[in-house]
There are 2 protein chains.
Amino acid sequence: MTDSDGHPEPEQIALGPILAALADPLRRRVIAELARAPDGTERTCASFNLPVTKSTLTHHFKVLRESGLVRQVDRGNSRAACLRRADIEAKLPGLLSLVAADETTGQG
Amino acid sequence: MTDSDGHPEPEQIALGPILAALADPLRRRVIAELARAPDGTERTCASFNLPVTKSTLTHHFKVLRESGLVRQVDRGNSRAACLRRADIEAKLPGLLSLVAADETTGQG
DNA sequence: CACAAGGTACGTATTGCGTCATACCTAAGA
DNA sequence: TCTTAGGTATGACGCAATACGTACCTTGTG
């Protein structure tokens, strides 16, 4: 066990929670933006400009974190979220490409 | 428009409804079994032995049908469901492999 | 210290989803 | 024709998920 601060181990990443997390349009938008960005990109929760309040934002990122899609690291003042690209690609190869290529996930 | 009897055209198949459909464990189990079977396999709704009633079964297959995952064709007495493998693979390549390979989708 | 910014936790309302029961339809067989 | 089997449509119920407001914590800055 490394941190397990709500983050599942790479082997514990399962299809069910991942699909459940990606079923929500807002969460899928977050993953799509992260997937299109270069690997290792760190972004704060608020930087995605989702049309929800702070508490709802926290809820969505908790789902993303507990599903294993993103890792949240403390950056002093705020908390940065970065995509667990390698872990997901190892367990579910090609999934992130599908989300990234989805034109429905409008960023405009 | 061909049939469009609740079946979306191949171009209309979108990631959102597909993921929403696959988020449910019962529906994912159906798709997993169909994906593991040879292409063109036709199965009746009841043949999957899902632990739900008839009406719930109809509901789930409606979601699968309207998302574009399966096509339901009238077979006189009953209605056979078959996986729209080519259509899905064209829009979302690799997705069916992930569902088929998921060991969480226990069939035992 | 005071204050603002970013997140979290708790409680709560509301919506959606899965589930069922019932009633109805169609096709095949006795 | 009657019965049985497989599906569908509708309505209702319960639970989970999304959403919000509020309060609170932490870090950084004035």
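All chains are named by letter (A, B, ...) in the order of the sequence lines, taking the proteins before the strands, and each is independently numbered beginning at 1. What you see is a predicted model; the values in this text were computed from it and never measured.
- At the heavy-atom level, Ser78(B) lies under 4.0 Å from the strands shown only through sugar-phosphate atoms.
- Taking 4.0 angstrom as the limit, Thr56(B) places a side-chain polar atom (N or O) nearer than this to OP1 or OP2 of dC20(C).
- A salt bridge between Glu42(B) and Arg75(B) is present, with a side-chain N of the basic residue lying under 4.0 Å from a carboxylate O of the acidic one.
- Atoms CD (Gln72(B)) and P (dG7(D)) sit 8 Å apart, rounded to a whole Å.
- Nearer the 5' end of DNA chain D, as judged by each residue's closest nucleotide, is the contact made by Cys45(B), out of Val52(A) and Cys45(B).
- Residue contacts shown for Arg27(A) are limited to sugar-phosphate atoms, with no base heavy atom under 4.0 Å away.
- Judged by closest nucleotide on DNA chain D, Ser55(A) is the one of Gly76(A) and Ser55(A) placed further toward the 5' end.
- Going from atom CZ of Phe61(A) over to atom P of dG6(C) covers 13 Å, rounded to whole Å.
- Distance CZ (Arg65(B)) to C1' (dG7(D)): 10 Å, rounded to an integer number of Å.
- One interatomic measurement links the two molecules: CG of Leu22(B) to P of dC17(C), which rounds to 15 Å at whole-angstrom precision.
- Lys54(A) places its NZ atom 15 Å from the P atom of dT26(D), with the value rounded to the nearest Å.
- Between the CZ atom of Arg43(A) and the C1' atom of dG6(C) there is a distance of 15 Å, rounded to whole Å.
- Residues that satisfy the side-chain hydrogen bond (donor to acceptor under 3.5 Å, both in side chains) test with Asp87(B), not counting sequence neighbours, are Arg84(B).
- Phe48(B) and Val73(B) sit in two unconnected hydrophobic clusters of ILVMFWY residues. Membership requires side-chain heavy atoms under 4.5 Å apart, directly or through other members.
- Within 4.0 Å of His59(B), counting heavy atoms only, lies at least one base atom of the nucleic acid.
- When each of Thr104(A), Leu69(A), Val99(A) is checked for a side chain to side chain contact (heavy atoms under 4.5 Å, CB included) with Arg28(A), only Val99(A) meets the rule.
- What separates CG of Asn77(B) from C1' of dT26(C) is a distance of 8 Å, to the nearest Å.
- Side-chain nitrogen and oxygen atoms of His60(B) include at least one within less than 4.0 Å of the OP1 or OP2 phosphate oxygen of dT19(C).
- In this structure, the CG atom of Leu26(A) is 6 Å from the P atom of dA19(D), given to the nearest Å.
- Thr56(B) pairs by the side-chain hydrogen bond (donor to acceptor under 3.5 Å, both in side chains) definition with Thr53(B), not counting sequence neighbours.
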